[in-house]
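Below is one structure, written out as structure tokens, with a few remarks after it.
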Amino acid sequence: MIQRILFCIATILLVSAPLEGSGRDGVITELNSSDLVKGTEEAQAWRVYFDGCIGLTVPPQPLSNTFNMNTVWPEMDGWQSVSRWALENEHMEAAILTSASRIIIGLPYGSESVPKSYRDAGIFVEIGEDDRLHDLNFSYIETVQLASLWTTIECYRLLQSGEADRASKLAMAQLIVLRKFCDRIFLDEKIAFMKMLGDGLANFRDMMYMYQEAITPEKFREIAREWIPYLRVDSSRLLMPVGDQIVAKALLDELFTTSGDADSAKFREILTDIQVKEEPLTRFGAARFWESMAYIHSGHGASVEKLEKIYDDWWRRWRLRAFHPQLNIDSELEKSNPVKYAAVRLIVRDIQGLFYQRDVLWTQINGTAVSAAFCGYKNHYGVYPKSLKMLYAQFLHRTSNLDRFKDLEKRTDSDWSLYNAPVGHFHYRRIDKKTALDTENSDRLWIDANACILYSVAADKEDNRGSNEATDLILWPPVKVLERNAGITK
């Protein structure tokens, strides 16, 4: 009798026990076993790059919205102190050039995976902060922002000193390093570095515009045909983030008992915490909601299967050509039952924004290559080309003249195969008279005669003649430089 009672108690305890998942240690082990993280010391760049960053002296101003890689230029207030700071930290140049030659960044996940000096400097990725697996801390991103700030200042300083070739190599090396950071395996990391790389490309175009005469046609040709195309972000080079899926799977393991049933206490604790992180005022109602959801939620097996289907669907979409009809169909996440898979829908990060960010970055990369090409043409022939086709073979690869937002003109979707690419070309025209341009910070700027304009139709996919920055993505002339020259921004 006693044995039977003990057996029943043990059974109850077993059924109600949390599912034995991988936990934080298992997650970190799986993350660090990724090919984009593990590697030999000679293949990884993180030690070289961040050792250089640790050696940076305190900048004249702290990083902020008004002092960063997008706001510094030679005519800014306080340029002398800023350029002196760049000069006294020239060791960063070797660190960036060396890092650009490495295969991957390779910064391991988990604060315990890096030296104490790195943790003290905030150079780490914390997984499961404060024993909460869903709390992630990518504090090292601020250090990369500081290094990008230094690079921008140093490139301008070198260009001012007449060292255009050295400045070009340093700027390109930093772009390559930022492109390697785009291969990191969490969504937040990818989006942060894709935006940072886009800002770096914009700065590169600013420098080409301001110091165009100092750069030779041969160097512009090298930039357009060899350097910029190396930054490719097609689906075979830029992969989907897998880190979020690994963490999501571990979270599902925590939410269910060994019998596969939802654990109401864990639902209340973990899912409430995730929700209030985005909606702080919903804590009380959220706690009751998630506790009740545990009794009607699908089991562990079905939830994990749904999680895998969601990510498999995104992987397929990631590999599809631009404007593929399947991209207009609801995603697996959108089609999932909001009650049966409520926990999955909350845990999973919707990555649709990543698709858009990739198109923006892809367009900026191509636009920078085209800009370098017609700058080289202008320096060689004395005028801008009448058509971008005049750049092919000599200054530009045909595959760089592609706008990811421009659909092809076709009668049926199958007609896309008649073209050499699934998207159309950039809009470009040579400007013969002074032309108006509306920007984010000004109702009216002017592009001088005998110049040119290059733009993408952007997200609305409508050609607005490149007359308004709000509707078209203006790639050339650089809007930031025009606003500075007009005294609108400093």
Inset, instruction - For Trp46, check ring pair (Phe, Tyr, Trp, His ring centres under 6.0 Å) against everything at least two apart and list the hits. - result: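 By the ring pair (Phe, Tyr, Trp, His ring centres under 6.0 Å) rule, Trp46 matches Tyr118.
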Legend entry - Residues that Pro422 engages under side chain to side chain contact (heavy atoms under 4.5 Å, CB included), provided they are two or more places apart: Arg321, Trp416
Legend entry - Note: Glu126-Arg24 ion pair, threshold 4.0 Å (strictly below):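 Salt bridge flag = yes for Arg24 with Glu126.
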Legend entry - Pair Lys116 + Asp120, salt bridge at N-O below 4.0 Å: yes
Is the backbone N or O of [Y] less than 3.5 Å from a side-chain atom of [X], with the two atoms forming a donor-acceptor pair by type?
X	Y	value
Arg430	Tyr384	yes
Asn379	Ile215	yes
Asn464	Glu462	yes
Lys190	Leu239	yes
Asp472	Ile474	no
Arg184	Val37	no
Ser161	Glu163	no
Ser148	Val144	yes
Thr489	Gly487	no
Thr98	Ala95	no

Closest approach of [X] to [Y] (non-hydrogen atoms, all atoms of both residues):
X	Y	answer
Pro217	Gly376	CB-O, 3.7 Å
Leu133	Ala250	CD2-CB, 3.4 Å
Cys53	Ala147	SG-CB, 3.8 Å
Ser400	Val370	O-CG2, 3.8 Å
Ile28	Gly110	CD1-CA, 4.0 Å
Leu475	Ser371	O-OG, 4.3 Å

Sort and list the pairs that fulfil salt bridge (Lys or Arg N to Asp or Glu O under 4.0 Å) and have at least one residue in [range], not counting sequence neighbours.
range	value
residues 216-244	Asp165-Lys219, Lys219-Glu222, Arg232-Asp234
residues 36-45	Asp35-Lys38
residues 86-95	Glu90-Arg157, Glu90-Arg166, Glu93-Arg166

Inset, instruction - Indicate yes or no: at least one non-hydrogen side-chain atom of Phe220 is less than 4.5 angstrom from one of Met208. - result: yes
Legend entry - Close side-chain approach of Asp206 to Phe204, heavy-atom, < 4.5 Å: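 Answer no - side chains too far apart.
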Before we go on, tell me: are the rings of [X] and [Y] under 6.0 Å apart, centre to centre?
X	Y	result
Tyr156	Trp73	no
Trp314	Phe355	no
Phe181	Tyr49	yes

Parallel, tilted or perpendicular: ring planes of [X] versus [Y], cut at 30 and 60 degrees:
X	Y	result
Tyr140	Phe50	perpendicular
Tyr428	Phe374	tilted
Tyr381	Tyr377	tilted

Spacing of [atom1] belonging to [X] relative to [atom2] belonging to [Y], to within rounding of 0.5 Å:
X	Y	atom1	atom2	answer
Arg179	Ile228	CZ	CD1	12.5 Å
His397	Asn366	NE2	CG	11.5 Å
Tyr209	Cys375	OH	SG	10.0 Å
Ile127	Ser111	CD1	OG	9.5 Å
Leu178	Leu197	CG	CG	6.0 Å
Met210	Arg484	CE	CZ	7.0 Å

Legend entry - Non-neighbouring partners of Lys309 that pass salt bridge (charged side-chain N to carboxylate O under 4.0 Å, His left out), sequence neighbours left out: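 For Lys309 the salt bridge (charged side-chain N to carboxylate O under 4.0 Å, His left out) partners, ignoring immediate neighbours, are Glu305.
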Inset, instruction - Kindly determine whether Trp150 and Ile96 satisfy side chain to side chain contact (heavy atoms under 4.5 Å, CB included), including the steps that lead there. - result: CA-CA 11 Å; Trp150 177 87; Ile96 291 171; 3.9 Å; yes
Inset, instruction - Please check if atom NZ in Lys378 has more than 12 non-hydrogen atoms from other residues, nucleotides or ligands closer than 6.0 Å. - result: yes
Legend entry - Heavy-atom neighbours of Leu97 CG exceed 12 at 6.0 Å: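 Yes, CG of Leu97 has more than 12 neighbouring heavy atoms, counting only those of other groups under 6.0 Å.
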Cut-off 3.5 Å, side chains only: do [X] and [Y] have a donor facing an acceptor?
X	Y	result
Asp313	Ser331	no
Gln160	Trp79	yes
Tyr392	Asn401	yes
Arg404	Thr363	no
Asn89	Thr57	yes

Inset, instruction - Report the C-alpha separation of Phe186 and Leu31 in whole Å, then their side-chain angles, then the decisive distance to 0.1 Å, and conclude whether the side chain to side chain contact (heavy atoms under 4.5 Å, CB included) test is met. - result: CA-CA 10 Å; Phe186 277 93; Leu31 292 172; 3.8 Å; yes
Inset, instruction - Could you walk me through whether Asp330 and Lys335 pass salt bridge (charged side-chain N to carboxylate O under 4.0 Å, His left out), step by step? - result: CA-CA 6 Å; Asp330 286 346; Lys335 292 187 294 185; over 6 Å; no
Inset, instruction - Using the ring of Trp315 (Phe, Tyr or Trp, six-membered ring only), decide whether Arg317 places NZ or CZ under 6.0 Å from its centre and within 45 degrees of its axis. - result: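 No; the conditions do not both hold, so Arg317 does not lie above the ring face of Trp315.
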Legend entry - Cation-aromatic face contact Lys461/Phe405, 6.0 Å, 45 degrees: no
Legend entry - Intermediate values then yes/no, side chain to side chain contact (heavy atoms under 4.5 Å, CB included), His427 and Leu454: CA-CA 6 Å; His427 286 285; Leu454 177 76; over 6 Å; no
Inset, instruction - Walk me through it: do Glu30 and Tyr109 pass the test side chain to side chain contact (heavy atoms under 4.5 Å, CB included)? - result: CA-CA 10 Å; Glu30 188 171 357; Tyr109 291 92; over 6 Å; no
